[in-house]
Amino acid sequence: MTETKIYEAYNLLLKSFGRQGWWPRFDNNRFIYNKDFKNSKPSEDEAFVISISAILAQNTNWKNVEKAVINLNKENLLSKEALLKIDVGKLAGLIKPAGYFNQKAKKIKEFLKFNKEISRENLLEIWGVGEETADSILLYAYNFPIFVIDAYTKRIFNRIGFKLKNYKEFQELFHKNLVKDYKLFNEYHALLVELAKRNCRKVPICGNCPLNQVCEKLI
DNA sequence: CCCCAGGCCGCGC
DNA sequence: GCGCGGCATGGG
């Protein structure tokens, strides 16, 4: 049964990897994972940094995102007011380590203009914010119970045996078969990212995969 | 040298 | 609506 399998996969991942503590909070010039999972709602300042880092993380290694955020922090630029004051070229130079720096500088500038109510529909109107970035902001910065789908999620669940294609289909799979609990969605997505890094890579390493008992291995 | 990374946009069809 | 090229640094 689909529902059982999705919960089972979650429990296996959690047992195997433990809590991931996403989204890491930026404090004292470094990112910290909340492994003890206090899970308090991020402050407005924290939500802003999460949102900016979600844009920087697009198709980019997280370590490079950290470098870019540290560059911004050293210039005291981790606030909407401060970022509004600098020009897009200067911003691009500071976020260089995150890659696509010209595009991302423009995307951040567009995000700074956003002044509507936080909702999926409104976030998607921002140039540079697509479905995954919008959902990441909603879930991790504002604790909306919205499941984040990324390339890893698609890869993993296609291998396990769900033959789905687009973002919407994958998201419905989780929304229809899990209780809408932001803590569950938070942890599940983070665990999937970890699985993709350790085992379910493009060329998979299946030997010690925690999901072997629920995977069809149709590779 | 290669490939990949916590995607998105603009375009052609 | 779908596929594809462009965007780009840093690590393995």
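Note that these values count all heavy atoms, side chains included, but never hydrogens, waters or copies made by symmetry. Each chain gets a letter, A, B and so on, in the order its sequence line appears, and its residues count up from 1. As the structure is a computational prediction, the values presented were derived from the model and not from experiment.
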Check your understanding: Is atom NZ of Lys96(A) surrounded by more than 12 heavy atoms (other residues, nucleotides or ligands) closer than 6.0 Å?
Key -> no

Exercise for review: Taking only the side-chain nitrogens and oxygens of Thr60(A), find out if one of them lies under 4.0 Å from OP1 or OP2 of dG10(C).
Suggested key: no

**Study point:** Given dA8(C), dC8(B), dG6(B), the nucleotide with the shortest approach to the side chain of Asn59(A)
**Key:** dA8(C)

Check your understanding: Taking OP1 and OP2 of dG10(B), is either one under 4.0 Å from a side-chain nitrogen or oxygen of Trp127(A)?
Key -> yes

Practice item. To the nearest Å, give me how far apart CD (Gln58(A)) and P (dC8(B)) are. Key: 5 Å

Point to revise | Whole-Å gap separating P (dC9(B)) and CZ (Phe111(A)) | key: 14 Å

Practice item. Look up atom CH2 in Trp127(A) and atom NZ in Lys113(A), then write down how far apart they are to the nearest 0.5 Å. Key: 10.5 Å

Review point. Mind checking whether Phe147(A) and Tyr188(A) have parallel, tilted or perpendicular rings, split at 30° and 60°?
Key: perpendicular

Exercise for review: Go through the side-chain N and O atoms of Asp135(A) and Tyr167(A) and say whether any donor and acceptor fall under 3.5 Å apart.
Suggested key: yes

Practice item. Would you check if Trp62(A) stacks with the base of dG6(B), given a 5.5 Å centroid limit and a 30° plane limit, both strict? Key: yes

Review point. Are a donor atom and an acceptor atom from the side chains of Asn186(A) and Gln20(A) found within less than 3.5 Å of each other?
Key: no

**Study point:** Length of the line joining Arg198(A):CZ and dA5(B):C1', which is rounded to integer Å
**Key:** 17 Å

Point to revise | Ile137(A) CD1 to dG7(B) P, straight-line distance once rounded to whole Å | key: 14 Å

Point to revise | More than 12 heavy atoms from other groups under 6.0 Å of NZ on Lys168(A) | key: no

Exercise for review: Under 4.0 Å between any heavy atoms, over every strand shown, what does Val129(A) touch: base, sugar-phosphate, or nothing? Just pick one.
Suggested key: sugar-phosphate

Practice item. Tell me whether Trp22(A) is stacked on the nucleobase of dG6(B), counting only the six-membered base ring and applying the 5.5 Å and 30° thresholds. Key: yes

Review point. Over how many whole Å does the gap from Leu56(A) atom CG to dC7(C) atom P extend?
Key: 19 Å

Exercise for review: For Lys197(A), answer base if it contacts any base atom (sugar-phosphate contacts may also be present), sugar-phosphate if it contacts only those atoms, and nothing otherwise; contact means non-hydrogen atoms under 4.0 Å.
Suggested key: base

Revision key, fill the gap. What one should report as the nearest heavy-atom pair of Lys104(A) and Thr60(A) is NZ-OG1, 2.7 Å

Study note, to complete from the structure: Quick note, Asn64(A) side chain, CB onward, closest among dG6(B), dC4(B), dG10(C) is dG10(C)

Study note, to complete from the structure: Note: contacts of residues 88-103 of chain A with DNA chain C (heavy atom, under 4.0 Å) are Lys96(A), Pro97(A), Gly99(A), Tyr100(A), Phe101(A), Asn102(A), Gln103(A)

Review point. With a non-hydrogen cut-off below 4.0 angstrom, is Lys67(A) in contact with a base, only sugar-phosphate, or nothing?
Key: sugar-phosphate

Review point. Does any donor-acceptor pair link the side chain of Tyr33(A) with the base of dG6(B) at a separation under 3.5 Å?
Key: yes

Review point. To the nearest Å, how far apart are Lys104(A) NZ and dC8(B) P?
Key: 11 Å

Review point. So which nucleotide from dG11(C), dG7(B), dA5(B) ends up closest to the side chain of Arg155(A)?
Key: dA5(B)

